[in-house]
Amino acid sequence: MNKEQLFEQIQKKKSFLCIGLDPVLDKLPKHLLKYNDPILEFNKQLIDATHDLCVAYKPNTAFYESRGVRGWQTLVNTWKHFPKDVFTIADAKRGDIGNTSAMYAEAFFKEENSEMSFDSITVAPYMGKDSVAPFLNHPDKWVILLALTSNTGSQDFQVKQSDDQKLYEQVIQTSQNWATSNQMMYVVGATKAEEFQNIRQLAPDHFLLVPGVGAQGGSLSAVCQYGLNSQCGLLVNSARSIIYASDGLDFAEKAREEALVLQQEMEQILIGVNLI
Ligand SMILES: O=c1ccn([C@@H]2O[C@H](COP(=O)(O)O)[C@@H](O)[C@H]2O)c(=O)[nH]1
């Protein structure tokens with residue numbers, strides 16, 4: 001999905017919600033345990049209940065990889081269940097020397113190798129240009145580069161100054177020489193709302209993937225105050241607050257209700273800035 005198509009979906013669905021699919025077997029509704037693959041059933045019912053309210057899904061691969069071969073197969077089958085009109089994000093936080101990154105890119109982008117082909121992958125920037133380039137060699141796919149993450153540990157390195165700039169600012173500036181806003185996005189945590197004004201000056205046209213609304217306490221309205229651009233420019237992710245809204249028979253219905261609250265808030269925000 002390209003940038004224009006993503007903006008079209010945002011306008012059509014009146015939403016820039018990204019739902020995180022981070023399932024843990026112990027937290028699943030007990031009635032799903034009778035299925036051959038309970039996590040797949042959980043994901044499928046969540047997707048069926050919410051896909052008209054969100055524009056993206058973001059499975060974090062750790063929740064699948066931790067289950068070995070079974071988990072990988074669940075990820076593949078979850079990918080196969082995504083409707084064609086949603087933007088898909090493999091939150092894998094990869095990045096290595098060039099030939100290794102090329103293999104990561106094949107794993108997540110090349111359907112003929114791995115039976116799945118996500119629209120995008122999250123990538124750690126710290127090994128530099130040659131570690132990111134192999135992902136960009138897939139012209140119709142996106143790299144979502146970690147810039148300023150939502151966790152408290154982001155203070156350890158990402159905001160440290162060198163050459164009069166914070167490290168995350170250098171990541172955003174330097175990486176703009178590697179790809180345009182048609183192929184690169186940045187991860188910026190919703191818990192870092194005070195930095196969005198600065199980030200929009202550095203990257204006015206890029207989409208930002210914004211995790212941290214919901215369980216981590218980030219504020220949607222605070223993010224939107226400076227985060228929006230002329231094509232919306234935001235994908236706001238929430239996982240636990242949606243997928244674990246209930247652990248009963250009604251889990252998918254309750255997940256939809258939580259997603260609807262965010263979608264309706266997003267709709268009002270989009271109307272307020274004349275984007276719909
Ligand atoms: O800075 C970051 C980068 C990634 N994440 C991931 O997003 C989701 C958040 O889940 P919630 O349950 O809504 O907190 C999860 O997969 C994280 O690994 C992030 O939170 N912050």
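As the structure lists them, so they are numbered: ligands from 1, and atoms in each ligand from 1.
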*Asks:* Does an N or O anywhere in R240 fall below 3.5 Å from an N or O of ligand 1?
*Replies:*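 It does: an N or O of R240 is found under 3.5 Å from an N or O of ligand 1.
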*Asks:* State, without any angle test, whether T61 and E65 hold a side-chain donor-acceptor pair at a distance under 3.5 Å.
*Replies:*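 Their side chains do contain a donor-acceptor pair, which is all the 3.5 Å distance test asks for.
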*Asks:* Considering non-hydrogen atoms of the protein only, which is the closest contact for atom 17 (C) of ligand 1, and what is the distance?
*Replies:*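 That would be N60 ND2, 3.9 Å.
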*Asks:* Is it the case that the side chains of Q216 and T191 hold a donor-acceptor pair, with the cut-off being a distance below 3.5 Å and no angle test?
*Replies:*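 Result is no, nothing qualifies.
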*Asks:* Using a heavy-atom cut-off of under 4.0 Å, does the side chain or the backbone of L146 touch ligand 1, or both, or neither?
*Replies:*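 Within the 4.0 Å criterion, L146 makes no contact with ligand 1.
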*Asks:* Side chain or backbone, does T149 bring an N or O within less than 3.5 Å of an N or O on ligand 1?
*Replies:*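 There is no such contact.
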*Asks:* Between P211 and ligand 1, find which residue part has any heavy-atom pair under 4.0 Å and reply side chain, backbone, both or neither.
*Replies:*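 Contact part for P211 vs ligand 1: side chain (C-beta onward).
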*Asks:* Indicate the ring-plane relationship of F87 and W142, choosing parallel, tilted or perpendicular according to the 30° and 60° boundaries.
*Replies:*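 Ring orientation, 0 to 90° scale: perpendicular.
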*Asks:* Taking only heavy atoms of K58 into account, list the atoms of ligand 1 that are under 4.0 Å away from them.
*Replies:*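 Selected atoms, number and element: 6 (C), 7 (O), 8 (C), 15 (C), 16 (O).
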*Asks:* Pairing donors with acceptors under 3.5 angstrom, does anything connect the side chains of S154 and Y168?
*Replies:*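 Per modelled atom types, S154 and Y168 side chains form no pair under 3.5 Å.
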*Asks:* Which of the atoms of ligand 1 are close to K93, meaning less than 4.0 Å from one of its heavy atoms?
*Replies:*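 In order of number, 3 (C), 4 (C), 18 (O).
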*Asks:* Atom CZ of F82 and atom CG of N43: how far apart are they, to the nearest 0.5 Å?
*Replies:*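 Between atom CZ of F82 and atom CG of N43 there are 7.0 Å.
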*Asks:* If only side-chain N and O atoms count, and only distance matters, is there a donor-acceptor pair under 3.5 Å linking H206 with N229?
*Replies:*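 No.
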*Asks:* Regarding T88 and D119, is there a side-chain donor-to-acceptor distance under 3.5 Å anywhere?
*Replies:*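 There is such a pair between these side chains.
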*Asks:* Would you say K93's side chain and N60's backbone share a donor-acceptor pair under 3.5 angstrom?
*Replies:*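 Side chain of K93 to backbone of N60: no pair is present.
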*Asks:* Hydrogens and angles aside, do Q268 and Q264 bring a side-chain donor and acceptor to less than 3.5 Å of each other?
*Replies:*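 No pair is found: no donor N or O on one side chain lies under 3.5 Å from an acceptor on the other.
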*Asks:* As an exercise, identify every atom of ligand 1 less than 4.0 angstrom from a heavy atom of S150.
*Replies:*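 Heavy-atom distances to S150 below 4.0 Å select 1 (O), 2 (C), 19 (C), 20 (O), 21 (N).
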*Asks:* Would you mind listing which atoms of ligand 1 come within a distance below 4.0 Å of any non-hydrogen atom of N237?
*Replies:*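 Selected atoms, number and element: 7 (O), 8 (C), 9 (C).
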*Asks:* Using a 4.0 Å heavy-atom cut-off, which part of T122 comes near ligand 1: side chain, backbone, both, or neither?
*Replies:*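 The answer is neither.
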*Asks:* Linking I/L/V/M/F/W/Y whenever their side-chain heavy atoms sit closer than 4.5 Å, directly or via other members, would I243 and V261 fall into one cluster?
*Replies:*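 Different clusters.
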*Asks:* How close does the nearest protein non-hydrogen atom get to atom 9 (C) of ligand 1, and which residue and atom is it?
*Replies:*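 For atom 9 (C) of ligand 1, the nearest protein heavy atom is Q216 NE2, 3.5 Å.
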*Asks:* I need the nearest protein heavy-atom contact for atom 10 (O) of ligand 1: residue, atom name and distance, please.
*Replies:*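 Protein heavy atom at minimum distance: A239 CB, 3.6 Å.
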*Asks:* With a 4.0 Å cut-off on heavy atoms, is S238 in contact with ligand 1?
*Replies:*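 Yes, S238 has heavy atoms under 4.0 Å from ligand 1.
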*Asks:* If I apply the N/O under 3.5 Å rule, does S241 come out as touching ligand 1?
*Replies:*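 Among all N and O atoms of S241, none is under 3.5 Å from an N or O of ligand 1.
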*Asks:* Could you identify the single nearest non-hydrogen protein atom to atom 16 (O) of ligand 1 and state the distance to 0.1 Å?
*Replies:*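 Sorting protein heavy atoms by distance from atom 16 (O) of ligand 1 puts D22 OD2, 2.6 Å first.
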